[in-house]
Amino acid sequence: MIRVVIAEDETYSRERLRDMIAEFPGLQLAGEAGDGQTAIQLIDRLKPELAFLDIRMPGADGFQVLEKISHQPHVVFITAYDSY
């Protein structure tokens with residue numbers, strides 16, 4: 001089982017990701033964060049194998065989250081911005 005954390009500030013996007021993760025039997029949602037600081041705490045505490053990180057979030061963007069966490073999961077960056 002691959003444990004997953006979602007870090008996304010938009011509620012709708014978090015819900016969509018949660019629904020998509022639920023469709024894959026090998027994935028287990030371990031936690032969710034709506035901002036960068038919470039994502040840092042959640043990732044280091046839960047130690048998931050995979051993290052979906054929004055590039056732009058309040059508190060810390062996805063890149064800053066990666067710089068500050070001690071646990072290093074595999075990462076999929078997510079964003080609604082075309083410039084990324």
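The figures here come from the full heavy-atom set of this structure, side chains too, leaving out hydrogens, waters and symmetry mates.
Between the Gln72 side chain and the Ile69 main chain, a donor and an acceptor come within less than 3.5 Å of each other. With His71 contributing its side chain and Pro48 its backbone, the two residues share a donor-acceptor pair below 3.5 Å. A donor-acceptor pair is defined here as one N or O able to donate and one able to accept, closer than 3.5 Å; such a pair exists between the side chain of Lys47 and the backbone of Asp44. Checked by atom type and distance alone, the side chain of Asp9 never pairs as donor or acceptor with a backbone atom of Asp35 at under 3.5 Å. Distance alone, capped at 3.5 Å, is enough to place a donor-acceptor pair between the Asp61 side chain and the Gln64 backbone. Side-chain atoms of Glu23 never come within 3.5 Å of backbone atoms of Met20 as a donor-acceptor pair (strictly under, hydrogens ignored). A donor-acceptor pair under 3.5 Å is absent between the side-chain atoms of Arg3 and the main chain of Leu29, judged by distance alone.
Under a hydrophobic clustering in which Ile, Leu, Val, Met, Phe, Trp and Tyr are joined whenever their side-chain heavy atoms come within less than 4.5 Å, directly or via other members, Met57 and Val75 fall into the same cluster. Taking hydrophobic clusters as Ile, Leu, Val, Met, Phe, Trp and Tyr residues chained together by side-chain heavy-atom distances below 4.5 Å, Met1 does not share a cluster with Phe24. Taking hydrophobic clusters as Ile, Leu, Val, Met, Phe, Trp and Tyr residues chained together by side-chain heavy-atom distances below 4.5 Å, Leu17 shares a cluster with Leu27. By the criterion of side-chain heavy atoms lying less than 4.5 angstrom apart, applied directly or through intervening Ile, Leu, Val, Met, Phe, Trp or Tyr residues, Ile6 is not grouped with Leu46; the two fall into different hydrophobic clusters. In this structure, Val65 is a member of the same hydrophobic cluster as Leu42, with clusters built from ILVMFWY side-chain heavy atoms closer than 4.5 Å.
Of all the heavy atoms in Ile78 and Ala7, the pair that sits closest is CD1-O, 4.3 Å. Annotation for Thr79 and Asp54: closest pair CA-OD1, 3.9 Å, computed over non-hydrogen atoms. Between Gly62 and Leu53, the shortest heavy-atom distance links the atoms O-CD1, 3.7 Å.
A ring-centre distance under 6.0 Å is not found for Phe77 and Phe52.
The number of heavy-atom neighbours closer than 6.0 Å to CD1 of Ile2, taken from other residues, nucleotides and ligands shown, is 12 or below.
Under the 4.0 Å criterion applied to side-chain N and carboxylate O atoms, Glu8 and Arg14 are not assigned as salt-bridge partners.
Note that the CZ atom of Arg45 and the CD1 atom of Ile40 stand 13.5 Å from one another [nearest 0.5 Å].
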Show, in sequence, the C-alpha distance, side-chain angles and deciding distance for Ile21 and Arg18, and conclude whether the side-chain contact (heavy atoms from CB on, under 4.5 Å) test is met. CA-CA 5 Å; Ile21 289 167; Arg18 186 183 319 128; 5.9 Å; no

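For the pair Val5 and Pro73, the minimum side-chain heavy-atom distance is 4.5 Å or more.
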